[in-house]
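What follows is a set of notes on a single structure, which appears directly below.
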Amino acid sequence: MDEKEVRRVVETYSDMILRISYNYLQHTFDAEDICQTVLLKLISCDLSFDTNEHEKAWLIRTTINACHDLRKSAYSRKTVGLDAIKEKEAPKAPDSDLLEEIKKLHLNYRMSIYLHYYEGYSVKEIAKIMGKSQFAVSQYLSRGRRELRKKLEAGGDYGVKAGEIYE
């Protein structure tokens, strides 16, 4: 197909294909995908039609078949449109200078302290999550708390030194 013929086909039939596919699928984006697929199929294969009515009938039948194929596909059966999902805000991370100090700890200390104090897991549960022994997790918690205590007593970014009273 030459460029002039492609333009004629797109201008003549794209609206019809969009309307048919939208009626079947009820989703604009899916209808646009079907329209593109059908037009590419027509353009890429060397079909010759006897009349314009024959060409139009072929496009209608191909559009309907493509819509049926999309409906039967696993993608269509296992996905839910964004319209159907309730809007839910992403949870906000706690804004805390202490949390920033925890983020600076060694990975094992950081994970065990976060899971224990912020998420509420027990030592046994943390051990299972991290794939470590309960003794190791207890040590991570103990050593992590000790490092945090040193940082806090040294003043850190908190502006209070050990033994000072702030008002």
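Positions are given from 1 along the sequence.
Here the closest non-hydrogen pair linking V123 and L141 is CG2-CD1, 3.8 Å. Across all their heavy atoms, G120 and E125 have their closest contact at O-OE1, 4.4 Å.
Remark: aromatic rings of Y140 and H106 are distant, center separation not under 6.0 Å.
Cluster annotation: Y117 and I102 are assigned to the same hydrophobic cluster (Ile/Leu/Val/Met/Phe/Trp/Tyr, side-chain heavy-atom contacts under 4.5 Å, transitive). Hydrophobic clustering (ILVMFWY, side-chain heavy atoms < 4.5 Å, transitive): Y22 and V10 are in distinct clusters. A continuous path of Ile, Leu, Val, Met, Phe, Trp and Tyr side chains, each step under 4.5 Å between heavy atoms, connects I64 with L25, placing both in one hydrophobic cluster.
For the atom pair CG (L105) and CG (L148), the distance works out to 4.5 Å, reported to the nearest 0.5 Å. Interatomic distance, CD1 of I20 versus CG of L59, reported as 8.5 Å (0.5 Å rounding). How far CD1 of I17 is from OG1 of T12: 10.0 Å, rounded to the nearest 0.5 Å. Separating the NZ atom in K41 from the SG atom in C45 is a distance of 8.0 Å, to the nearest 0.5 Å. In this structure, T37 OG1 and D69 CG are separated by 10.0 Å, a value rounded to the nearest 0.5 Å. Separation of atoms OG (S112) and CD1 (I129) is listed at 11.0 Å; rounding is to 0.5 Å.
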Take R19 and M16 through the test side-chain contact (heavy atoms from CB on, under 4.5 Å) and record every step on the way to the result. CA-CA 5 Å; R19 284 192 307 270; M16 177 193 70; 4.0 Å; yes
For L107 and R110, run side-chain contact (heavy atoms from CB on, under 4.5 Å): C-alpha distance rounded to whole Å, both residues' side-chain angles, the deciding distance at 0.1 Å, then the answer. CA-CA 5 Å; L107 177 65; R110 180 176 66 232; 2.9 Å; yes
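N108 has its side chain out of reach of Q139: every pair of non-hydrogen atoms, C-beta onward, lies at least 4.5 Å apart. Between L42 and F49, the closest side-chain pair of non-hydrogen atoms falls below 4.5 Å. Within the 4.5 Å cutoff, the side chain of K151 has heavy atoms near those of the K104 side chain. Side-chain contact between S21 and D30 is absent, with no heavy atoms from C-beta onward closer than 4.5 Å. Proximity of E55 to D50: side-chain heavy atoms (C-beta onward) are nowhere separated by under 4.5 Å. At least one side-chain heavy atom of C35 sits less than 4.5 Å from a side-chain heavy atom of L39.
In this pair, Y24 and H68 present their aromatic rings perpendicular. The plane angle is above 60°, beyond the 30 to 60° band.
Annotation for E3: atom CD does not count as buried by contact number, only 12 or fewer foreign heavy atoms lying within 6.0 Å. Residue-environment remark: CZ (R8) exceeds the threshold of 12 foreign heavy atoms within 6.0 Å.
A donor-acceptor pair under 3.5 Å links the side-chain atoms of H116 to the main chain of Y121, judged by distance alone. At distances below 3.5 Å, at least one donor-acceptor pair connects side-chain atoms of S73 with backbone N or O atoms of L70.
E119 and Y114 share a donor-acceptor pair across their side chains, judged by distance under 3.5 Å alone.
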